[in-house]
Number of protein chains: 2
Amino acid sequence: MTLDPDISTPLWRQLVDVLVARIEDGTYRKGGRLPSEVSLQQEFGVARGTVRHALQHLVAEGIAETTNGKGTYVRP
Amino acid sequence: MTLDPDISTPLWRQLVDVLVARIEDGTYRKGGRLPSEVSLQQEFGVARGTVRHALQHLVAEGIAETTNGKGTYVRP
DNA sequence: GGAAATTTGTACGTATGTATC
DNA sequence: GGATACATACGTACAAATTTC
């Protein structure tokens with residue numbers, strides 16, 4: 001699964017869509033922890049800031065929660 | 001009005017407080033446009049990213065709205 | 001119509017601080 | 001103390017939308 005820098009949809013938006021899809025198909029379980037920012041950065045080949053932008057969007061939408069020092073968790 | 005990098009409150013948070021105070025005291029009018037990101041960056045001596053962080057917080061709280069190419073407006 | 005200026009949006013990189021394990 | 005993970009803050013560059021001339 002990769003992101004495409006050549007289409008008009010921003011990378012962070014594409015990443016949101018991938019993460020949401022993975023939550024819905026059970027790849028990431030509700031109540032479970034998402035991969036770390038660095039992990040996602042490496043997997044998708046984007047900057048950490050882009051990963052954070054996507055994650056913060058999930059948080060803003062109430063899909064996830066973030067705790068400093070622990071990680072970002074999918075809301076049950 | 002300046003921000004203080006030496007206290008624990010993040011700069012973007014301090015900036016939010018200043019902007020909210022200015023909205024409440026009428027310096028920035030409801031329905032009116034806030035100063036541009038570059039203006040705020042210069043006035044407060046912080047990075048544009050810090051200004052954007054503060055503004056996005058206002059948007060998330062429903063205090064302001066942003067339009068690409070136009071500006072950030074205080075909600076009436 | 002079109003070029004320039006203004007303003008927000010996206011994306012990158014780096015460094016350091018704070019919290020948790 | 002060390003390793004891991006998120007948080008803050010700086011800087012840069014270019015894209016996209018709007019306004020102005």
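Proteins get letters first, then strands, A, B, ... in listed order; numbering begins at 1 in each.
Mapped onto DNA chain C by nearest heavy atom, A/Tyr73 and A/Pro10 fall at different nucleotides, with A/Pro10 at the one closer to the 5' end. Two residues, B/Arg52 and A/Thr67, neighbour DNA chain C, and the one matched to the more 5' nucleotide by heavy-atom proximity is B/Arg52.
Look at CD on A/Glu37: it is 16 Å from P on C/dT20, rounded to the nearest Å. Atom pair B/His57:NE2 and D/dT8:P shows a separation of 9 Å (rounding to whole Å applied). Note: CD (A/Glu65) to C1' (D/dA5) measures 17 Å, nearest angstrom. Remark: P of D/dA5 and CG of A/Leu40 are 11 Å apart, rounded to the nearest angstrom. Protein atom CH2 of A/Trp12 is 10 Å distant from nucleotide atom C1' of C/dT10, rounded to whole Å. Per the geometry, CZ belonging to B/Arg33 stands 11 Å off P belonging to D/dT19, to the nearest Å. Atom C1' of nucleotide D/dT4 and atom CG of A/Leu34 are separated by 16 Å, given to the nearest angstrom. In this entry the distance linking CD of A/Gln14 with C1' of C/dT10 reads 12 Å, nearest Å.
Here C/dG9 is the nucleotide among C/dG13, C/dG9, C/dT10 with the atom lying nearest to any side-chain atom of B/Thr66. Closest to the side chain of B/Thr72, from the set C/dA11, C/dC21, C/dT8, is C/dT8. Distances were taken from every side-chain heavy atom of A/Lys70 (C-beta onward) to each of D/dA9, C/dT20, D/dA5; the shortest belongs to C/dT20.
Residue A/Gly71 is classed as a sugar-phosphate contact, given heavy-atom separations below 4.0 Å to backbone atoms only. B/Leu55 comes within 4.0 angstrom of nothing in the nucleic acid, heavy atoms only.
When all heavy atoms of B/Leu19 and B/Leu40 are compared, the pair lying nearest together is CD2-CD2, 4.2 Å. Of all heavy-atom pairs between B/Val46 and B/Leu11, the closest is CG1-CD1, 4.1 Å.
Side-chain N/O atoms of B/Thr50 include none lying less than 4.0 angstrom from OP1 or OP2 on D/dT8. Between C/dC12 and A/Arg48, no contact under 4.0 Å exists linking OP1 or OP2 to a side-chain N or O.
Between A/Trp12 and A/His53, the ring-plane angle classifies as parallel under the 30° and 60° cut-offs.
Screening B/Thr66, B/Thr72, B/Val16, B/Val74 for a side chain to side chain contact (heavy atoms under 4.5 Å, CB included) with B/Leu58, the sole residue that qualifies is B/Val16.
A donor-acceptor contact shorter than 3.5 Å links the side chain of B/Gln14 to the backbone of B/Asp4.
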